[in-house]
*Asks:* 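Below you will find the structure I want to go over with you.
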Amino acid sequence: CPPYGAEKELMTIMTKLPRRVDRTDLRRIATLTRARKMHRCAVCPGYIYKDEEYYAVTIGGGGLGSLKHPARAHTHCLENHFSRIAAREAAR
């Protein structure tokens with residue numbers, strides 16, 4: 001039996017996510033972050049709980065407003081977030 005807490009560490013090693021995702025076609029930068037408090041996901045109606053990993057999506061070259069108030073998305077909701085942005089850009 002592994003020691004207490006080793007299962008969680010093993011789980012994070014097995015699910016290695018990219019630290020930074022750049023979508024230059026959408027001018028978006030997603031940075032993997034660990035939540036220090038509870039947030040709402042920008043894509044699904046769920047919550048991002050404390051100590052859970054999520055992506056903070058900012059606008060590339062958007063200035064301080066984008067850095068201070070990023071869109072937050074679960075790790076499994078990131079592609080849905082990018083597809084929503086692409087559909088919105090295509091509608092313009």
*Asks:* How close do V43 and A73 get, counting heavy atoms only, and between which atoms?
*Replies:* CG2-CB, 4.3 Å
*Asks:* Starting at CZ of R40, measure out to CZ of R72 and round the result to the nearest 0.5 Å.
*Replies:* 12.5 Å
*Asks:* Per the side chain to side chain donor-acceptor pair (under 3.5 Å) rule, what does the pair list look like for residues 73-92, sequence neighbours excluded?
*Replies:* none
*Asks:* With rounding to the nearest 0.5 Å, note down the distance linking CG in L64 to NE2 in H69.
*Replies:* 10.0 Å
*Asks:* Write down the atom of I48, the atom of C41, and the distance for their closest heavy-atom approach.
*Replies:* CD1-CA, 4.2 Å
*Asks:* Could you give the distance from NZ (K16) to CG (L32), rounded to the nearest 0.5 Å?
*Replies:* 9.0 Å
*Asks:* What are the two closest non-hydrogen atoms of T33 and T31, and how far apart are they?
*Replies:* OG1-O, 3.2 Å
*Asks:* Taking the side chain as everything from C-beta on, heavy atoms only, tell me whether V21 gets closer than 4.5 Å to I29.
*Replies:* no
*Asks:* With side chains defined as the heavy atoms from C-beta onward, is the minimum distance between E53 and L17 less than 4.5 Å?
*Replies:* yes
*Asks:* Which residue pairs pass the side chain to side chain donor-acceptor pair (under 3.5 Å) test with at least one member in residues 21-30, sequence neighbours excluded?
*Replies:* R20-D22, R23-D25
*Asks:* Could you tell me whether the side chain of V57 reaches within less than 4.5 Å of the side chain of F82, counting heavy atoms only?
*Replies:* yes
*Asks:* What pairs with A86 under side-chain contact (heavy atoms from CB on, under 4.5 Å), at least two apart in sequence or on another chain?
*Replies:* L26
*Asks:* Are the side chains of H39 and Y47 in contact, using a 4.5 Å heavy-atom criterion?
*Replies:* no
